[in-house]
Student: 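Pasting a structure below so you can have a look.
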Amino acid sequence: MAGVAAVAAAATVAAPAGRAGTPQPTPSDECVPVPGAVCGTVRTPLVRARPGLGDITVAYALIKHRDTSRPARGTVTINPGGPGDSAIASAAAYARMFGDLLKDHDLLLVDPRGVNRSDPVSCGTLGSLPATREAFVRAVGECGRRLGVRARGYTSAEIADDIDAVRAELGIGRLDLFGESYGTYLMTVYAQRHPERVRSLVLSSAYPLAVDMWGRPNARAARRALRLVCRRSAGACDGDRVLRDIARLSRRLHDRPIPYTLDGRQRRLDDTALASLVYGLAKTAPAGIGDVPAMVRRALRSDNAPLIDAARQAAPMSGSSLRRDDPQPFNPELAATVVCNDYPTLWNREAPLPVRLRQFSAGRAALPDHDYRPFGKRAWTSMSYDQGDTCIRWPDRRGPAQPTGGPFPDVPVLVTSGDLDANTPTETGRQAARQFRRATVVEVPNVGHVPEHEPSGCVAAVQTGFIRDLRVPDTSCLAAIPPAPVRP
């Protein structure tokens, strides 16, 4: 298996020297652009159950609290999601966002194995994202074949155990866990595996371990988001009419996709790409979602320019919503590996490919069409990179599978969800909350994914207050978040 050797070599090029389990501190001026930061690494087994597969390096940055006259009140560890996003790359942003918390709390950022400073992993198939769903699914399967048995090292369970290894090396007793998007899944896995090390959890844009791989909550959330935007638009649009327009345009694009070029290459904008665009604009709300009514209306009048402009910015595949650019270090190959190892499947994992294909096809055929309006069920179940049949060609039939049950620690939990988010909607946030005995859900109006990034600082202040006092503080500032603007 030549691919395994190539990946093994790539995964060790960036590994700093050091014996397993020993942090290698780095001066703050060579660490991250944040005062009071110290960086280090630990060596951990690639697969803890199979030590013969070797070790990898896991990097961290510890940002110390500013009030040096007293010990830190606690340590908050944040994961920004993905899977495949770098926590360390966001150090400056998190230090600004949670500046008040850093007065008396330390902030621990651990790059997940396979990402950025933690031995980046590559299988050589997803660096240039395919333009169609079929090509994407085949590339994911080829990634698994090239990684071979080493793919089993890239799971949420192993990443959670890495975080705990860093915690232990730094002598930290308990952690306040903060997860964004996939980070909510990861931190739930950490809480499942190390319950005695958890003081509290903040789950922002959350979903449960038992993911609905058919994406039904997301379709419901997309409809709700458009209705909410129009309801708050002072008459600029009517939500039900917008949904009817999208349904008409979706049918048209299914029959007659619009060709366009991106970076000199021919692409096509079909019903799956349209689903991806609307899904993505709801995710980034309030930015962009208010453009949907006019964009769709103009396309129905044969003015496709706004629709094509949106497609060029998002680069949706005719079958998937992966973007071609990301504002921070992101590893799509690590993302595919974690998803294919961890998430539930819509087929029997142990079955050969032809059987899997038949099982998936039969399952999708049985889905009610109205669950996916105004999009077709084939379009909606093809547009997400981590749902549907993404992993149907993953070759490991008996690889690791993440348990979806508890027990989970009986600690305070805050779930925050943007009410315009179709990626991890409030519905899945409530499902995530039900995994814990003491969880509170706070829905944030007029924002999409990871609501603490809204500019007023209100959501971050609510989260900060919860971490400090283990109860939800006053949330009245949420009412001042303005509605998404709707373009005429």
Side-chain angles (χ1 to χ4, degrees), residues 130-138 211-227 229-230 239-260 267-283 289 292-293 295-302 304 306-308 310-311 314-323 345-347 356-392 421-423 425 427-428:
T132 67
R133 178 70 178 185
E134 181 181 359
F136 170 64
V137 172
R138 288 184 180 277
V211 186
D212 182 347
M213 299 301 286
W214 290 119
R216 287 166 289 201
N218 311 93
R220 289 190 286 269
R223 293 193 295 270
R224 179 179 184 237
L226 289 167
R227 287 189 173 112
V229 166
C230 289
D240 289 334
R241 179 177 177 179
V242 171
L243 292 174
R244 289 194 298 271
D245 286 347
I246 291 174
R248 286 178 57 204
L249 182 59
S250 180
R251 290 191 296 269
R252 179 186 296 182
L253 292 174
H254 176 78
D255 295 335
R256 301 189 302 277
I258 299 171
Y260 70 101
R267 299 176 74 102
R268 64 178 195 159
L269 208 168
D270 63 1
D271 54 340
T272 299
L274 176 65
S276 174
L277 285 176
V278 175
Y279 172 85
L281 291 171
K283 177 180 177 180
I289 193 171
V292 170
M295 178 180 72
V296 172
R297 187 169 61 247
R298 289 175 63 176
L300 287 172
R301 296 171 182 169
S302 299
N304 297 323
L307 192 62
I308 292 173
M317 289 185 261
S318 47
S320 179
S321 62
L322 276 172
R323 300 177 64 90
T345 60
L346 301 169
W347 51 85
R356 293 182 182 186
L357 293 170
R358 288 196 298 271
Q359 290 172 339
F360 176 78
S361 180
R364 182 157 64 181
L367 295 170
D369 289 306
H370 64 77
D371 283 356
Y372 296 95
R373 64 188 191 281
F375 309 98
K377 62 186 177 185
R378 178 177 292 273
W380 191 265
T381 58
S382 296
M383 67 89 194
S384 172
Y385 82 91
D386 55 2
Q387 295 175 350
D389 63 349
T390 292
C391 298
I392 201 164
D421 185 12
N423 183 17
E427 179 181 343
T428 64

Student: Contact between Arg224 and Asp421 at the side-chain level, heavy atoms closer than 4.5 Å - yes or no?
Tutor: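 The answer is no; the side chains never approach within 4.5 Å.
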Student: Can Val242 and Val296 be said to form a side-chain contact (heavy atoms from CB on, under 4.5 Å), step by step?
Tutor: CA-CA 8 Å; Val242 171; Val296 172; 5.8 Å; no
Student: Would the distance check show the side chain of Trp347 and the main-chain N or O of Ile392 forming a donor-acceptor pair, the cut-off being under 3.5 Å?
Tutor: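 It does not hold such a pair.
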Student: Considering non-hydrogen atoms only, spot the tightest contact between Ala275 and Phe375 and give its length.
Tutor: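 Heavy atoms of Ala275 and Phe375 come nearest at CA-CE2, 3.5 Å.
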Student: Look at Arg356 together with Asp389 and state whether they make a salt bridge at an N to O cut-off of under 4.0 Å.
Tutor: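 Result for this pair is no, no salt bridge flagged.
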Student: Could you state the interatomic distance from CZ (Arg220) to OG1 (Thr428), rounded to the nearest 0.5 Å?
Tutor: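 Reported value, rounded in 0.5 Å steps: 10.0 Å.
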Student: Going by atom type alone, with no hydrogens or angles, which donor-acceptor pairs under 3.5 Å involve a side-chain atom of residues 365-374 and a protein atom two or more places apart or on another chain?
Tutor:
residue: Tyr372; atom: OH; partner: Trp214; partner atom: O; Å: 3.0
residue: Arg373; atom: NH1; partner: His370; partner atom: O; Å: 2.6

Student: Looking at CZ of Arg268 and CG of Leu253, how far apart are the two atoms once the value is rounded to the nearest 0.5 Å?
Tutor: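 So the gap between those two atoms works out to 10.5 Å.
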Student: Among side-chain atoms of Arg364 and Thr381, is any donor-acceptor pair under 3.5 angstrom?
Tutor: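 The criterion, which ignores hydrogens and geometry beyond distance, is satisfied for Thr381 and Arg364.
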Student: Considering all heavy atoms of both residues, which atom of Ser384 and which atom of Thr390 are nearest to each other, and what is their separation?
Tutor: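 The pair with the smallest heavy-atom distance is O-OG1, 3.6 Å.
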Student: How many angstroms lie between CD in Gln387 and CZ in Arg216, if you round to the nearest 0.5 Å?
Tutor: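 If I round to the nearest 0.5 Å, the distance is 10.0 Å.
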Student: Roughly how far, to the nearest 0.5 Å, is the CE atom of Met295 from the CG atom of Leu281?
Tutor: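 With rounding to 0.5 Å, CG (Leu281) is 6.0 Å from CE (Met295).
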Student: Working note: Val292 + Val229, criterion side-chain contact (heavy atoms from CB on, under 4.5 Å); need CA distance, chi angles, decisive distance, verdict.
Tutor: CA-CA 10 Å; Val292 170; Val229 166; over 6 Å; no
Student: For a quick test of reading the model, state the closest non-hydrogen atom pair linking Gly388 to Leu346 and the distance between them.
Tutor: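 What the structure gives for the nearest pair is O-CD1, 3.9 Å.
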Student: Rounded to the nearest 0.5 Å, what's the gap from CG on Asp270 to OG1 on Thr132? Could you check?
Tutor: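 Taking CG in Asp270 and OG1 in Thr132, the distance rounds to 10.0 Å.
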Student: Rounded to the nearest 0.5 Å, how far does CG of Leu277 lie from CE of Met383?
Tutor: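 Interatomic distance, Met383 CE to Leu277 CG, rounded to 0.5 Å: 10.5 Å.
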Student: Apply the test side-chain contact (heavy atoms from CB on, under 4.5 Å) to residues Leu269 and Asn304: give CA-CA distance (whole Å), side-chain angles for both, the deciding distance (0.1 Å), then the verdict.
Tutor: CA-CA 10 Å; Leu269 208 168; Asn304 297 323; over 6 Å; no
Student: Quick one: side-chain hydrogen bond (donor to acceptor under 3.5 Å, both in side chains) pairs with a partner in residues 239-255, sequence neighbours left out?
Tutor: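 Matches after skipping sequence neighbours: Arg227-Asp240, His254-Asp271.
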Student: Cys230 and Gly239: which non-hydrogen atoms are nearest, and at how many Å?
Tutor: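 Closest approach of Cys230 to Gly239, heavy atoms only: CB-N, 3.4 Å.
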Student: Are Leu307 and Tyr260 close enough, and set up right, to give a side-chain contact (heavy atoms from CB on, under 4.5 Å), and what steps lead you there?
Tutor: CA-CA 10 Å; Leu307 192 62; Tyr260 70 101; over 6 Å; no
